[in-house]
Protein chains: 2
Amino acid sequence: MRPQLTETEIADFRRRLCDVAERLFVEHGVEGVTMRQIAERLECSAMTPYRYFRNKNDIFVAVRAAALDRFSERLEAARRTFGSPARRGRAVGDAYLQFAIEEPDAYRLIFDLSQPEDANYPELAAANARSRKTMTDYMEDLVAAGVMDGDPKTLGLIYWAGTHGLVNLFMAGKIGEGELRVLHRQMTQTLARGAQRMPDQKPRRTRAF
Amino acid sequence: MRPQLTETEIADFRRRLCDVAERLFVEHGVEGVTMRQIAERLECSAMTPYRYFRNKNDIFVAVRAAALDRFSERLEAARRTFGSPARRGRAVGDAYLQFAIEEPDAYRLIFDLSQPEDANYPELAAANARSRKTMTDYMEDLVAAGVMDGDPKTLGLIYWAGTHGLVNLFMAGKIGEGELRVLHRQMTQTLARGAQRMPDQKPRRTRAF
DNA sequence: AAAAATTCTTTACAACGTAAATTTTATAAC
DNA sequence: GTTATAAAATTTACGTTGTAAAGAATTTTT
């Protein structure tokens with residue numbers, strides 16, 4: 001009888017398929033891509049992909065997870081930059097922006113429509129956790145180094161949320177690349193200033209609005 | 001001959017259609033809704049909607065614009081709250097969160113997939129500008145009142161980006177409603193502290209990370 | 001060479017958005 | 001009151017979609 005596909009054969013085909021699919025997704029949007037298009041580029045019949053993925057959505061999820069992993073790798077690499085925690089922190093932030101600017105479509109693929117549905121896909125949840133981890137971890141470094149003061153997890157979420165929000169404005173075409181960089185720097189500074197321990201005497205009363 | 005539809009007849013039908021469509025979009029997601037479903041709820045044939053909208057995407061845009069207007073109205077109402085600029089500022093922020101919490105699907109409809117494509121729809125662009133205006137305007141009030149210091153436009157963008165980012169985490173199921181409120185308050189305080197004019201003597205050197 | 005299991009292809013189907021053709025409907029003219 | 005007319009609505013029809021089911025091809029084991 002015909003031999004079963006080996007683990008690596010399956011993995012190879014899946015990877016090839018995801019590559020093709022991502023290119024198409026980026027080019028035409030997720031809904032604008034058909035299974036038949038993917039199959040054509042793969043030079044197989046329209047039904048063959050179904051032996052490797054249950055359905056179109058699973059392909060989308062796999063592509064998303066892969067993109068998220070690429071994103072995480074970039075952040076992690078930035079975190080390994082040589083220098084002070086502050087310098088490394090800046091590197092991570094820059095890497096985030098850089099990814100969004102260089103691969104806006106991948107970024108959109110990753111973060112658009114992020115519904116809790118993700119929970120049904122452990123693969124995606126793991127990839128998500130990975131990127132989140134880098135962002136909070138490096139905030140811990142900053143707090144430990146005394147650059148910022150407060151709960152690292154809280155600060156991390158706020159910082160990340162702000163960054164994501166700014167990138168969103170960029171994606172929506174409301175601000176350009178330069179503005180994005182400037183605003184991000186200003187946000188970073190403002191948050192850092194706001195989260196710094198006071199020079200001790202008279203704790204400044206912050207009448208937050 | 002049969003009389004032409006009056007302006008108001010058209011407007012009425014369009015509104016009715018948008019109501020139905022929004023409910024369906026919220027229920028099944030934009031791609032999960034079919035023209036035939038909309039028509040069925042309207043008790044007309046599948047093709048009748050095409051007399052009132054060019055195609056499905058135009059319906060989606062109309063629904064989106066309407067939701068954005070509702071959102072703007074809420075923000076504007078909050079801005080008319082009685083009290084100090086700080087109090088009114090807080091009211092606007094709360095209104096933003098409240099809308100996201102009460103109508104998460106409307107919020108998603110508004111802000112998901114916000115691609116520059118919006119520019120092709122003046123209706124949408126206008127609705128967008130309206131909501132953005134409220135958000136930056138009230139930041140001007142805060143700066144004028146001395147609650148914060150800096151360029152109002154910049155501060156506004158940063159603040160809204162942060163708010164949007166936090167709501168996104170909420171939408172993605174990463175944080176709950178309570179956490180969202182707490183984090184938002186903390187972000188507000190941190191940004192406000194970071195953007196406050198120093199008590200003058202020795203301008204604090206901010207070693208932003 | 002035959003059998004058998006597994007991969008891949010072909011065929012088929014219901015549902016989609018919507019173009020084109022057709023029918024219904026409400027007025028104006030006689 | 002009938003008829004002509006044009007707008008509105010429906011019916012029909014077409015090309016595509018995701019994918020289920022059936023069939024053909026392929027490679028090992030017997």
Side-chain angles (χ1 to χ4, degrees), chain A residues 1-64 109 113 115 117 120-121, chain B residues 1-64 109 113 115 117 120-121:
Chain A
M1 75 180 184
R2 198 184 210 199
Q4 239 177 312
L5 292 169
T6 69
E7 205 74 18
T8 65
E9 277 172 326
I10 291 177
D12 283 356
F13 190 92
R14 278 170 147 258
R15 198 170 14 255
R16 224 161 57 82
L17 197 156
C18 283
D19 280 358
V20 163
E22 173 161 12
R23 256 192 293 277
L24 286 172
F25 285 159
V26 159
E27 203 170 336
H28 304 108
V30 176
E31 298 296 336
V33 176
T34 74
M35 294 296 277
R36 287 169 173 86
Q37 276 174 52
I38 294 173
E40 192 181 10
R41 294 231 182 162
L42 250 36
E43 294 184 319
C44 66
S45 87
M47 289 304 288
T48 299
Y50 285 94
R51 191 142 314 256
Y52 299 87
F53 289 96
R54 271 183 321 177
N55 52 43
K56 190 183 170 185
N57 193 55
D58 275 20
I59 296 176
F60 175 52
V61 166
V63 169
R64 212 146 87 98
L109 233 42
L113 272 172
Q115 272 156 289
E117 146 224 16
N120 300 355
Y121 290 89
Chain B
M1 75 181 186
R2 199 184 208 201
Q4 237 177 317
L5 291 170
T6 69
E7 204 73 18
T8 66
E9 276 172 328
I10 291 177
D12 283 355
F13 191 92
R14 277 170 147 256
R15 195 168 18 252
R16 222 160 59 81
L17 196 157
C18 284
D19 281 358
V20 163
E22 175 161 10
R23 257 192 292 277
L24 286 172
F25 285 159
V26 159
E27 205 170 335
H28 305 107
V30 175
E31 298 297 336
V33 176
T34 73
M35 292 298 276
R36 288 170 171 85
Q37 277 174 52
I38 294 173
E40 193 181 11
R41 294 232 182 162
L42 250 36
E43 296 184 315
C44 66
S45 86
M47 286 306 285
T48 299
Y50 285 93
R51 191 146 309 257
Y52 298 88
F53 289 96
R54 271 183 322 179
N55 52 41
K56 190 182 171 187
N57 193 54
D58 275 21
I59 295 175
F60 175 53
V61 167
V63 168
R64 211 146 89 97
L109 233 42
L113 274 170
Q115 274 156 288
E117 147 224 17
N120 300 353
Y121 290 91

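In what follows, chains carry the letters A, B, and so on, assigned in the order in which the sequence lines appear, proteins first and then strands, with residues in each chain numbered from 1. All figures in this text were calculated on a predicted structure; none of them were measured in a lab.
- When distances are taken from the side chain of B:Met47 to each of D:dT12, C:dT25, D:dT19, the shortest belongs to D:dT12.
- Residue A:Arg2 contributes atom CZ, which lies 9 Å from atom P of C:dT9 at whole-angstrom precision.
- Remark: of the listed residues B:Arg36, B:Arg54, B:Met35, B:Met35 is the sole one forming a side-chain contact (heavy atoms from CB on, under 4.5 Å) with B:Pro49.
- B:Arg51 places its CZ atom 14 Å from the C1' atom of D:dT11, with the value rounded to the nearest Å.
- In terms of phosphate contacts, B:Thr48 brings a side-chain nitrogen or oxygen within less than 4.0 Å of OP1 or OP2 of D:dT10.
- Across the protein-nucleic acid pair, A:Asp58 atom CG and D:dG18 atom C1' stand 13 Å apart, rounded to whole Å.
- Taking only side-chain nitrogens and oxygens, B:Thr34 comes nearer than 4.0 Å to OP1 or OP2 of C:dC16.
- In this structure, A:Tyr50 does not reach the C:dT10 phosphate: none of its side-chain N or O atoms is under 4.0 Å from OP1 or OP2.
- Looking only at side-chain heavy atoms (C-beta outward), B:Asp58 and B:Tyr121 come within less than 4.5 Å of each other.
- C:dT18 atom C1' lies 12 Å from atom CD1 of B:Ile59, rounded to whole Å.
- Distance CE (B:Met35) to C1' (C:dA19): 13 Å, rounded to an integer number of Å.
- What separates CG of B:Asn55 from P of C:dC16 is a distance of 17 Å, to the nearest Å.
- Note on A:Phe53: nothing from the nucleic acid sits closer than 4.0 angstrom, heavy atoms only.
- By the 4.5 Å heavy-atom criterion applied to side chains, A:Phe13 and A:Leu42 are counted as neighbours.
- At a threshold of 4.5 Å between non-hydrogen side-chain atoms, the residues A:Tyr52 and A:Ile59 do not count as touching.
- Residues B:Gln4 and A:Arg36 each lie close to DNA chain D; by heavy-atom proximity, the contact nearer the 5' end of the strand is made by B:Gln4.
- A:Ile38 has its CD1 atom 11 Å from the P atom of D:dT17, to the nearest Å.
- Rounded to an integer number of Å, the gap from B:Glu31 CD to C:dG17 C1' is 11 Å.
- Annotation for A:Glu9: atom CD counts as buried by contact number, over 12 foreign heavy atoms lying within 6.0 Å.
- Comparing A:Glu43 and B:Gln37 along DNA chain C, the residue whose closest nucleotide (by nearest heavy atom) sits nearer the 5' end is A:Glu43.
- Checking D:dT19, C:dA26, C:dC8 against every side-chain atom of A:Leu5, the shortest atom distance belongs to C:dC8.
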